[in-house]
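Residue numbers begin at 1 in each chain, while the letters A, B, ... track the order of the sequences.
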Amino acid sequence: MRGRRVQVPSLGEMLGTAPAPPPEEEPVRRRFLFAVPPVPGNVAPARAVAAELAARGHRVAWTGHKDSLEPLLKGGSRIFHAEDPAFSGRFAAARSEGLGLRGPAALRFLWERLLVPLGHAMLPGVENAVDRFRPDVVVSDQQILAAPVVARRRGLPWATSAATSAEFARPLAGLPLVEEWVRDQVGAFQLDNGIEDLIDLRFSDHLVIVYSTGALLGDVSFFPDHVAFTGPALGRAPRGDFPLDLLDGRPVVLVTLGTLGTPVGERFLRAAAEAVAGLDVQAVLVAPDGMLPDPPPNVIVRPEVPQRALLDRVAAVVSHGGHTTVCEALAHGLPQVVAPVRDDQPVVARQVEAAGAGRRVRFGRTTPDELRAVLADVLADDAYRAAAERVAASFRAAGGAATAADRLEKLA
Amino acid sequence: MTGTTGPAPAPGGGTFEAVAALLAAVVAPAAPPADLRPDTLLYGDLDLEDAEVDAFADRLRAEFGPAADLPGLLAEQDLDGLLALTVGDVAADVDARRGAAS
């Protein structure tokens with residue numbers, strides 16, 4: 001398929017031809033099928049929206065890699081397995097193989113080795129899930145190519161669940177040939193599956209749920225009504241233990257690289273520990289046991305933390321710019337230092353900086369001095385916190401999972 | 001860094017040295033200017049980050065004027081082009097755009 005030039009309507013064109021929203025109806029009991037990749041950050045907002053729909057009496061089921069999804073979903077969730085076994089092993093290996101890549105190499109890897117093969121591998125399972133569960137609406141994570149194809153074949157309404165808002169900032173606008181290449185990957189996937197009427201599968205023309213708001217993204221007024229900026233869908237905070245009595249009253253800085261592979265993050269985490277050693281703060285630094293055997297006295301190293309609970313006690317967050325981590329911290333009105341690594345993270349870091357809620361630093365070559373100066377500035381200047389609180393207010397007003405569920409009900 | 005042979009001849013007279021010095025300041029403390037060669041890859045070797053690309057573009061403009069257009073050079077590349085882009089290519093592009101502008 002490579003090298004075949006296909007015409008996929010651009011986001012701009014699609015937005016110009018958006019259908020009118022459906023008329024208001026009394027909510028009735030409907031069936032929603034969620035298609036997700038085996039990635040915690042992608043599953044988390046979908047899980048919150050699914051929980052809201054279930055609480056309203058609707059039926060919810062999932063399709064994806066069953067063994068990976070089970071620990072990420074509520075016990076007893078109905079999961080239709082969708083991935084061929086031979087591919088699943090390769091997918092896990094490919095994901096870890098790609099962790100060391102950044103920039104253009106990471107983008108090529110994402111599409112050629114992960115998203116397109118995942119789409120092909122999931123297609124039969126998603127079709128089976130649709131035939132057995134008979135959903136009224138298919139909710140497809142933005143990275144799942146199979147579900148929109150199946151929904152279109154079956155004539156079902158479908159929604160995009162955009163776990164990161166990066167695509168709505170047109171991150172490749174400055175690289176038009178690369179942007180076109182991505183659209184060609186999406187187009188070729190449809191042609192391979194016998195679809196000639198090509199659309200950009202990342203953006204449903206029925207409903208797109210974006211877990212962010214204009215306060216972070218910038219101007220979103222030009223998006224049509226079927227693109228819903230709901231703010232983060234946080235759901236119930238996961239449980240976890242953290243000895244809060246270790247916190248002594250100094251401002252607390254949380255340093256986390258989310259689920260990023262730790263070998264990639266080791267240099268940065270060491271620099272961060274050294275940076276905070278010179279500040280009158282306490283740092284909670286998420287790192288595996290043994291990576292920082294002798295941390296400075298004001299650094300508490302834990303292999304994992306109950307992040308959402310801890311955010312209530314935190315003054316600032318240093319992270320890799322994962323959309324979920326950044327938005328959880330912003331929902332708490334916390335200023336941030338963002339060191340983006342790859343994929344959508346540089347875009348998210350720009351958003352934080354542009355919103356005034358924090359500062360962007362380098363990931364690969366940041367020095368302790370550089371990081372200390374930036375973190376001290378973010379802690380000292382109230383403007384960052386005020387901007388983060390403005391974003392938090394916009395998130396609350398946007399309604400999160402409840403708004404997403406309202407919109408999905410109208411689609412059913 | 002790329003390769004094991006000695007430094008290749010710098011393209012564009014002194015432009016390469018000037019471009020390399022600007023880039024070295026951007027990626028500090030990682031690469032002293034002597035480590036940057038014309039065939040050093042911006043992405044493959046240096047893993048240049050977004051913030052560093054922005055800073056490099058600013059420094060090029062400050063040094064060579066508005067004709068030095070790194071975003072313009074990047075915009076002409078496909079994925080293969082980006083992955084193959086070298087410090088020497090940036091220097092040559094600066095010379096070409098300055099030549100075209102004068």
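Legend: residues meeting side-chain contact (heavy atoms from CB on, under 4.5 Å) with B:Arg59, ordered by chain and number and at least two apart, are B:Leu22, B:Ala25, B:Val26. Every salt bridge (charged side-chain N to carboxylate O under 4.0 Å, His left out) that A:Arg385 has, sequence neighbours left out, goes to A:Glu389. The side-chain contact (heavy atoms from CB on, under 4.5 Å) search around B:Asp80 returns A:Arg108, B:Asp78, not counting sequence neighbours.
Atom CZ of A:Phe363 sits about 10.5 Å away from atom CG of B:Asp47, to the nearest 0.5 Å. Atoms CD and CD, from B:Glu49 and A:Gln345 in turn, are 10.5 Å apart once rounded to the nearest 0.5 Å.
B:Val53 does not touch chain A: none of its heavy atoms, backbone or side chain, sits under 4.5 Å away. A:Leu107 touches chain B through its side chain: at least one heavy atom from C-beta onward sits under 4.5 Å away, while N, CA, C and O do not. At a 4.5 Å heavy-atom cutoff, B:Ala55 makes no contact with chain A through either its backbone or its side chain.
Using non-hydrogen atoms only and a strict 4.5 Å limit, no part of residues 62-70 of chain B faces chain A.
Between A:Pro104 and B:Leu83 the shortest heavy-atom distance is CB-CD2, 3.9 Å. Residue A:Leu177 comes nearest to B:Ala75 through the heavy atom pair CG-O, 4.4 Å, listed as atom of the first residue, atom of the second, then distance.
Using a distance-only test at 3.5 Å, with no hydrogens or angles considered, no donor-acceptor pair links the side chain of B:Gln77 to the main chain of A:Leu175.
For the pair A:Arg365 and B:Glu52, the salt-bridge criterion is met [side-chain N within less than 4.0 Å of a carboxylate O]. Of the charged side-chain nitrogens involved, at least one lies within less than 4.0 Å of a carboxylate oxygen, so that A:Arg350 and B:Asp54 count as a salt-bridged pair.
When side chains are defined from C-beta on, A:Pro340 does not count as touching B:Asp50, because their heavy atoms never get closer than 4.5 Å.
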